[in-house]
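Fair warning: this is a prediction, and the values are worked out from it, not measured in the lab. No hydrogens, no waters, no symmetry mates; every other heavy atom, side chains included, goes into these values.
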Amino acid sequence: MPPQRNPMESIQYVPISIIYYALAALTALIAYGILGSIYIMGLDFYNAVYFTIITIATVGYGDIIPLTIPQKIFSVTLALGGVGLIAYVFSLTVSVVTMTLQDTISGARIRRVMQSMNNHFILCGFGRVGSAVFKELQKRNQKSIIIEKDREIVEKELWDDPNVLAIPESAADEETLRAAGIKRARGVIITTGDDVDNLFITLTCRELNPDIWIVTRASKRENIKRLYRAGANRVISPEISGGEDIYFAAMEPTMVKITVKHDVDDIGREARIILKHGCTLEDIEYHLPEFKEPLVRKIGVSEGGELERFLKILERDPARKSSLKRIYESVSGIHSHWISGPDRESIDAVIDELKSEGILLGVNLNDEEIKEVARKHGRLVEIIIKPEMSIVENHGVDDIRKEAEIIIDHGCTIEDIEYYLPGFSEPLRRNVGVSSMEEIDSFIKTLRSEPRKLESLDRLYTLSGGGIHSHRISGPDSKSLELVERELKKEGFLIGVNLKLSEIKSIIQESGRVVEMLLKHDLGNMDDKEIIIRRGGRILDSKHYLPGVKQVVTRNLNIRNMEDLERCMEELESPDARRSLKALYSISRNIHSHTVAAADVRIIRKIEDDLKKRGILLGVNLTEDEIWEIVENEMMEKFCIE
């Protein structure tokens with residue numbers, strides 16, 4: 001809510017629990033009246049209730065009259081008590097309702113909540129990156145106050161949730177930061193899309209609180225150094241990072257790596273200690289023998305319910321528990337976790353308790369120290385380091401032999417291959433382990449003898465950025481790897497070495513050689529397919545969208561040339577095929593999409609231009625939500641399926 005001063009803040013806050021006490025007193029008075037009417041006035045139960053109510057309400061119809069002295073004294077006390085107590089309850093209820101209404105209108109309640117908060121995060125900017133960071137904060141139950149200068153975003157997206165605290169002001173303003181409690185906050189996360197704004201906010205935060213932890217976003221790489229000089233503790237670039245990375249950077253002062261030793265049956269005991277102190281179990285690292293890097297699995301558990309569900313699954317699935325036990329046996333129960341907490345005291349409390357339980361082996365140990373710990377506990381984790389590198393290449397199926405020949409001739413081994421398919425966050429990995437040309441030639445011979453397998457592999461290569469894939473290759477020495485790198489580059493296959501997944505995806509996105517085009521035309525109209533093929537493109541599939549049930553029907557096409565297109569047209573002449581497609585086109589309102597690949601992004605652009613001129617292109621690389629919105633808003637034609 002806005003941080004302006006409001007006179008309502010000076011009104012004393014009346015807790016709603018006082019009303020409950022007043023109502024309890026009124027109930028006690030009624031009970032007193034009923035019992036007194038029965039035993040003093042000599043009335044039956046129904047008349048006792050009637051007499052009590054009219055006396056408390058000071059109505060007094062006169063149909064029941066106290067005659068004796070005790071009866072008159074009882075009636076006086078009941079009447080006086082009723083008048084005073086009813087007036088008190090009524091005025092108190094009006095006060096609380098008025099206060100609640102004024103709190104809602106003026107924002108005084110939310111400002112009081114903000115003023116009482118400490119050890120929280122201040123999130124500056126609620127755009128695409130800011131909202132992703134906020135989700136990470138919420139997932140781990142971290143307190144936060146959002147500052148977003150776009151009032152429309154705050155009013156429409158944030159104030160709808162009463163549990164979200166947001167201020168519609170500029171985070172560069174000192175008063176706004178003070179209202180958000182920067183003196184009491186544990187950290188500031190700056191995620192606006194403007195590096196100039198981020199710079200000013202960083203300077204202002206550092207001036208107001210010299211000791212606060214500041215994590216800021218840099219939209220451009222050249223501004224990273226400037227933001228560090230302005231006082232940021234960590235600068236994250238969304239070009240190579242996401243909301244989760246920014247969250248972890250913000251948590252760095254209260255995040256530690258613990259190395260522990262226990263068996264599978266003690267998983268719950270260890271996790272409960274961590275969760276009990278409000279900490280989050282971020283991941284688990286298994287230090288397997290003969291692996292240069294640990295096997296890491298993200299967990300992100302901060303709620304007891306998540307832990308209990310996992311433990312129940314283990315008990316219900318013996319095979320899964322057995323697999324986990326084998327992993328623990330292979331590392332002698334020694335593994336590591338990154339844990340984050342609300343403050344340093346919570347982290348220290350977890351460390352102390354794990355130590356007292358005899359589980360903890362060390363804190364923030366490096367790989368060598370973990371190896372030494374393993375040696376002391378009866379298991380020497382020897383890491384066999386074999387020279388290797390990851391290469392990212394671009395070529396088609398026809399070049400597989402040439403590429404393999406370069407690698408194998410230098411005594412190297414192709415360990416695996418990774419394809420990068422649209423819509424998948426992780427690459428599709430296949431272990432290869434090929435070190436001889438005999439194996440390669442045998443594989444190619446199999447492909448040539450099985451056209452379907454060759455076609456499937458060719459389609460896989462095309463989907464993976466038009467031929468972009470990567471290999472992990474190992475060699476006898478680093479010199480051999482250098483020679484392989486040089487020759488692959490000379491051949492025009494090599495894109496890069498040891499690239500991150502985000503960098504590879506960026507290359508694929510920038511290449512633009514595989515796109516999804518949303519189209520609309522009648523059944524039998526082949527203009528779109530002819531344009532794509534004549535321009536040198538390739539149609540991998542066709543997707544039809546069924547509104548209402550929101551189902552997608554995909555047909556594999558793999559149309560590479562005019563011959564394939566003619567074959568497709570011939571298949572359409574079949575009565576069964578035409579009847580099925582007619583129904584499909586009618587249900588999907590003649591809207592469908594094609595995954596189109598080409599050797600060059602310029603070809604894709606020409607195809608797009610031609611399809612636009614024909615008036616059949618609705619969009620390129622639309623999101624799923626955008627596609628369904630177009631399909632469901634399209635005028636539905638009447639049709640009949642026999």
Side-chain angles (χ1 to χ4, degrees), residues 1-120 141 143 145 159-165 181 184 275-276 278 303-305 308 342:
M1 296 294 280
Q4 297 95 336
R5 308 292 291 177
N6 190 288
M8 285 305 300
E9 292 182 65
S10 60
I11 297 177
Q12 184 178 3
Y13 178 64
V14 181
I16 197 168
S17 59
I18 290 181
I19 294 180
Y20 300 144
Y21 294 128
L23 290 174
L26 184 59
T27 303
L29 180 67
I30 292 172
Y32 162 72
I34 293 171
L35 292 172
S37 298
I38 293 172
Y39 294 106
I40 298 175
M41 298 290 296
L43 303 175
D44 59 60
F45 175 76
Y46 296 106
N47 281 311
V49 173
Y50 169 71
F51 180 73
T52 299
I53 298 302
I54 64 171
T55 304
I56 289 175
T58 67
V59 175
Y61 292 115
D63 50 350
I64 300 175
I65 301 171
L67 299 175
T68 65
I69 296 298
Q71 289 177 346
K72 290 178 179 179
I73 292 172
F74 164 70
S75 299
V76 168
T77 57
L78 186 60
L80 290 176
V83 170
L85 197 54
I86 287 176
Y88 174 67
V89 171
F90 180 76
S91 62
L92 194 61
T93 303
V94 170
S95 297
V96 171
V97 171
T98 304
M99 275 295 298
T100 303
L101 182 62
Q102 289 291 348
D103 272 4
T104 303
I105 295 171
S106 68
R109 182 185 65 82
I110 294 182
R111 274 196 295 277
R112 278 197 299 273
V113 174
M114 287 186 181
Q115 288 166 7
S116 66
M117 282 181 71
N118 58 68
N119 203 32
H120 59 284
N141 300 319
K143 296 181 293 184
I145 295 174
W159 281 353
D160 283 345
D161 188 342
N163 297 317
V164 175
L165 302 178
R184 307 181 305 277
L275 300 182
K276 180 176 71 175
E303 299 285 346
E308 298 306 325

Side-chain touch L165/H120, heavy atoms, less than 4.5 angstrom: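 No; the side chains remain at least 4.5 Å from each other.
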Just by distance, do the side chain of K143 and the backbone of N119 share a donor-acceptor pair under 3.5 Å?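 A pair under 3.5 Å: no.
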Atom pair CE/CZ of M114 and R184 - distance to nearest 0.5 Å: 10.5 Å
Separation between CD1 of I34 and OH of Y46, rounded to the nearest 0.5 Å: 12.0 Å
Please give me the minimum heavy-atom distance between G278 and P342, naming the atom from each residue. O-CD, 3.2 Å
